[in-house]
Structure formats: structure tokens, C-alpha cells
Number of protein chains: 2
Amino acid sequence: MSRTTAQTPIDEICNRLWLAIAERKLRPGARLKEEELCAIFSVSRARVRAALARLESSGLVTLVPNRGAFVSEPTIEEARDIFFARRTIEARLVERLCTNVTPQALSRLRAHLEDERAAHARNDTSAIIHLSGGFHLLVAELAGSRYLSDVLNELISRTSLIIAMYQSRSAPDCGPEEHEEIIRMIEAGDAEGTKRAMDAHLQHLEDALDLQEDKPRQSALSDILA
Amino acid sequence: MSRTTAQTPIDEICNRLWLAIAERKLRPGARLKEEELCAIFSVSRARVRAALARLESSGLVTLVPNRGAFVSEPTIEEARDIFFARRTIEARLVERLCTNVTPQALSRLRAHLEDERAAHARNDTSAIIHLSGGFHLLVAELAGSRYLSDVLNELISRTSLIIAMYQSRSAPDCGPEEHEEIIRMIEAGDAEGTKRAMDAHLQHLEDALDLQEDKPRQSALSDILA
DNA sequence: GGCGGCAAGATTGTAGACAAAGTTGTTGAT
DNA sequence: ATCAACAACTTTGTCTACAATCTTGCCGCC
């Protein structure tokens with residue numbers, strides 16, 4: 001799943017940044033100075049700029065002209081929209097997966113679930129974030145839509161940003177229980193039920209966040225210090 | 001809808017190329033030499049390269065290392081996948097639009113339909129291509145999902161490429177009739193019916209193409225001259 | 001003492017030049 | 001005559017230097 005080998009040096013930079021953002025080591029709003037990145041990856045500015053441009057088009061970083069690059073800070077409205085898109089796409093994908101599921105697919109799902117459980121058992125936060133996103137990506141891959149898989153990949157990293165911004169005190173990432181429920185539904189061949197399970201799972205994720213419109217969580221200083 | 005004013009000079013290049021591809025003036029497989037584009041837009045290579053990189057990430061052009069940029073040639077498999085994604089996304093969008101439709105939304109849809117009819121009446125191919133895509137984009141916008149609108153924008157331009165590659169002799173772009181049917185369904189507030197109408201509309205579009213696996217339409221010379 | 005303007009520093013945007021890779025036409029050997 | 005190797009050309013990839021823009025600290029003025 002996670003191809004650690006870089007195809008081109010610029011993909012390598014994208015991957016590293018993507019990883020840091022997805023794992024929430026780079027917080028939303030963090031400044032990304034070009035020369036700093038040059039020093040870190042020991043490449044030239046041209047490559048860094050190319051990488052930042054690509055990440056911008058996938059919504060992970062925001063490029064402000066003459067100001068520089070920042071890790072994106074999704075608004076509450078955008079956050080809800082991202083979840084709407086995920087429910088739309090993932091509900092359809094699991095439905096499709098249900099209708100033509102293979103034993104190999106099921107065993108891959110179960111194996112993934114075991115990895116998730118193991119990561120939870122040893123409290124490996126980084127792995128947990130990775131694997132819980134990876135479950136959804138695996139479903140997409142098994143459903144057989146390359147395009148929607150790519151879109152979902154973007155959506156998942158954006159979700160990570162959203163969680164970093166809006167998580168409430170006691171809202172960890174989705175545990176393996178709901179994933180197991182989804183797998184059970186797939187095993188049963190219940191397309192409609194699987195759809196509902198996935199939809200509910202994503203809804204729980206969204207509900208666990210602080211997405212109240214009246215809370216100006218945005219890092220607009222005027223709001224914070226009012 | 002179509003913002004002719006460029007935000008940044010590089011967006012301008014993207015838009016112009018996007019337009020040429022969507023209007024099928026640039027055929028799939030066409031070579032895009034950097035210096036040629038520099039001359040045409042009278043900009044530096046750096047900007048052209050940035051524009052090409054962005055278009056690549058949206059799937060319109062393919063960048064081959066050390067070889068250059070080409071207008072993408074979607075395979076049959078990719079074509080089917082694109083249509084699957086469109087049905088997934090657009091069915092959900094019209095459903096959502098149905099549940100909270102406003103009089104303004106309906107009048108905008110009707111006005112758009114009139115434009116389409118006018119374009120058909122004067123046989124304005126360029127306008128027809130533009131407006132028939134614009135209808136779907138308008139639906140997305142009115143449904144109120146910014147993210148899925150952006151995705152759909154990409155999907156529509158890719159669809160244009162696909163039509164350019166795989167259209168059969170007598171398969172023009174979707175006429176206004178089915179669009180009108182969709183609008184009628186929305187007016188009636190029949191969410192399920194609208195969904196079905198949109199799904200059928202997209203299916204007709206796909207069925208009108210030559211997407212037979214056994215026909216090696218790809219421009220692999222070895223196949224053509226076998 | 002506070003405010004507006006100014007200048008220095010820092011950072012990004014752009015352009016031009018050089019290096020690497022690929023393609024094509026030619027030449028020589030078999 | 002055919003094929004293979006070589007060489008020149010074309011095109012892309014990358015780097016370095018310069019220009020434009022923004023931020024920030026300072027000074028003079030009200």
C-alpha cells in the first residue's frame with residue numbers, strides 16, 4: 001500500500017510532506033518556507049516549488065502569492081463538505097465491493113483489521129492513523145475504481161487535517177470495531193447494510209468533531225483575542 | 001460560470017489549454033512542446049511547466065519523463081471508470097439538490113437549458129460542448145458541494161477527452177432533451193426519480209461510445225498497422 | 001508618547017543558461 | 001543490401017542569479 005520507494009525525487013518530497021501532514025506532525029497553518037525544505041531534503045528550490053504546487057492542487061497546502069506556502073486550514077464548511085464527499089463516494093464503493101467480493105478481498109480486509117488491532121494494542125499513534133486511513137483506501141482499491149480511489153486518497157489526507165483542527169477532547173481516530181462491522185456486512189453480502197454501516201461510520205467520525213459554527217476555531221487572531 | 005479573467009498568469013495558461021482540450025481542438029495524444037507553448041502565450045518556460053504539471057495532476061495531460069507532455073489518451077478501462085465516478089457523484093448531487101431546491105435554482109437551470117437549445121439551433125459545436133458540460137456543473141454548484149463540484153469539473157473535461165477518442169459515427173453530445181427531463185424531475189421534487197434520470201442520462205452517454213474491449217482503439221502503432 | 005512613513009531585511013517569483021536524455025539521420029562494416 | 005553503431009540535433013530537466021513583493025524594525029513628526 002504505502003510505497004516507500006520514490007518514483008521521482010519530487011514525488012519523494014510530496015510523500016514525505018504528505019506523511020508529515022497526515023500524521024499530524026505538521027499542524028494546520030504551519031508555514032512551509034521553501035529554503036527550509038530545500039535544506040531538509042537537500043534539493044533545489046525548483047523541486048520544492050514543484051512539490052508544493054502539486055500538494056496545493058490536492059488541497060493539502062495553501063499557496064499565497066508572494067507570501068509562501070502553509071499547511072491548509074480547512075474551514076468548518078469545508079470540513080462538512082469533505083465528509084459529505086466521503087459518504088457519497090465510500091457508500092457507493094462498498095456497495096460495489098459487496099456485489100462482487102472475492103475470498104482474497106475478504107482475507108486482505110481481515111488481515112488489515114488485524115494490523116489495526118495490533119497498532120491499537122501497542123498504542124502506536126502513527127500506525128493507527130496510517131492504518132485507519134488505509135482501511136478505507138483498501139476498500140476503494142478492492143472495489144476496483146482507480147479514479148475514486150485517487151479522490152479518496154486526497155479526501156483521507158484532508159480528513160486528517162480536519163481531525164487535527166477540530167478534534168474534541170475525547171475523539172480518537174476510528175477504532176477497529178466499526179471497520180469490523182463493515183467487513184461482517186460485506187461477508188454477509190448485504191449491500192444495503194454495508195452501505196449503511198459505512199455511512200454511519202463516517203457520520204460518527206464527523207460527529208465526534210467540534211464542528212459548531214459558532215465556535216470560531218479558525219486561527220484568525222482577531223477572534224482568538226477578542 | 002466560465003471566468004475568462006485569469007487570476008494568475010499560470011491559471012490563464014491552464015484555462016486556455018483546458019478549453020482547447022475540452023472543445024476537442026487538441027486531440028488526445030497531441031504533443032505539447034514547451035517552447036511552442038512559450039511562444040503562443042509569450043511566457044517563460046517555468047510557467048508553462050507549472051501549468052503542465054497542474055494539468056497532469058488533473059489527468060488532462062500526461063507527462064513522460066524526458067519525453068515531454070501529451071494530451072492524455074484514456075484507455076477504455078479508464079473511460080468506464082470515469083463514467084462510474086460520474087454516476088456515483090452526480091446521482092448523489094441531484095438527489096441532494098432535489099431535497100432543498102429553490103425557485104432561483106430552478107430558474108437558473110431553465111435559463112441554462114434555453115442557452116443549450118439556442119446553441120443547438122445554430123449548430124454551434126463549441127458552445128454545445130461547453131453548455132452541455134456546464135449543465136452538469138451547474139447542478140453540482142446548486143447542490144452546494146464545492147469539493148464534488150471541483151471533482152466533477154475534472155471528470156467533465158476527461159469525459160470530453162473520452163468522447164473525442166471513442167465516439168462512434170452518430171453519437172453527438174447529449175442533447176437538451178434529457179437535461180430537460182432531469183429538470184422536470186427536480187421540479188416535481190422526486191429525488192429518486194431525478195437520481196434515476198441522471199444515472200440513465202450518463203449511461204446513455206457511455207453507451208453511445210465505442211467502448212468495446214476487443215477494439216484496440218489505442219494509438220499504439222503496432223496495433224494499427226498489424 | 002503615539003502614529004505615520006521609510007528603509008533594510010527576508011522571501012518568493014521569474015528568467016536565462018547549462019547539463020542530461022532521447023531521437024533521428026548518416027556512415028561504415030558485414 | 002541490411003544492420004548496427006555513431007554523431008548531431010532537438011527537447012526536457014535542473015540550477016543559479018536577479019527582480020519584485022512583502023514584512024519588520026526604526027526614525028522623525030505631530
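We name chains A, B, ... by the order of the sequence lines, and we start the count at 1 in each one.
- In the region residues 36-63 of chain B, proximity to DNA chain D at under 4.0 angstrom, judged on heavy atoms, holds for B:Arg45, B:Arg49.
- Mapping B:Leu32 and A:Asn66 onto DNA chain D by nearest heavy atom places B:Leu32 at the nucleotide closer to the 5' end.
- Side-chain contact between B:Arg92 and A:Arg92 is absent, with no heavy-atom pair separated by less than 4.5 Å.
- In this structure, CD in A:Glu206 is found 10.0 Å from OG1 in A:Thr159, a value given to the nearest 0.5 Å.
- Rounding to the nearest 0.5 Å places CD of A:Glu95 at 12.0 Å from CE of A:Met198.
- Ring planes of B:His130 and B:Trp18: tilted class, angle from 30 to 60°.
- Partner A:Cys14 forms a side chain to side chain contact (heavy atoms under 4.5 Å, CB included) with one of A:Leu60, A:Leu52, A:Leu55 and no other, that one being A:Leu55.
- Nearest approach of B:Ile129 to B:Glu23, heavy atoms of both residues: CD1-O, 4.0 Å.
- Computed from coordinates, the B:Ile13 CD1 to C:dT14 C1' distance equals 12 Å when rounded to whole Å.
- Among all heavy-atom pairs drawn from A:Met165 and A:Glu73, the shortest one is SD-CA, 3.6 Å.
- In 5' to 3' order, the nucleotides of DNA chain D bounding all contacts with chain A (an atom under 4.0 Å from a heavy atom) are D:dT14 to D:dT23.
- Closest non-hydrogen pair, A:Arg96 versus A:Asn100, comes out as O-OD1, 2.6 Å.
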